[in-house]
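Step one of this worksheet: look at the structure below.
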Amino acid sequence: MSREVTHDANGPDVIDPDDHDGDIYVCRCGLSDDKPFCDGSHTATVDEDEGVDYKYENDDDERPRHRIATIEFEE
């Protein structure tokens, strides 16, 4: 499955291990409010169907999720 996530270009995120105790988990679902770190938002995606594309309103795991027909990319 895939989901469309809109990211604002605000520069690179630097992971500094000195800022965190223990393991560092990096967000891969695109829904974390603590990017680039995981905040557990991916739990909202556990019941997504395979082969279906999704859009989360405002890229927020607490907002409604919608199935979308296609994801189109501009060149």
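All residue numbers refer to positions in the sequence shown, counting from 1.
- When all heavy atoms of Glu57 and His66 are compared, the pair lying nearest together is OE2-NE2, 2.6 Å.
- Taking CD of Glu48 as the reference point, atom NE2 of His42 lies at 12.0 Å (rounded to 0.5 Å).
- A salt bridge links Asp47 to Arg65: at least one charged side-chain nitrogen sits closer than 4.0 Å to a carboxylate oxygen.
- Under the rule for a salt bridge (charged side-chain N to carboxylate O under 4.0 Å, His left out), the partners of Arg67 that lie at least two apart in sequence or sit in another chain are Asp49.
- Across all their heavy atoms, Ser32 and Cys27 have their closest contact at CB-SG, 3.6 Å.
- Taking each heavy atom of Asp53 and Thr70 in turn, the nearest pair found is OD2-CA, 4.3 Å.
- The nearest pair of heavy atoms linking Asp60 to Leu31 is N-CD2, 4.3 Å.
- Nearest heavy-atom pair, Ser41 versus Asp33, reported as atom, atom and distance to 0.1 Å: OG-N, 4.5 Å.
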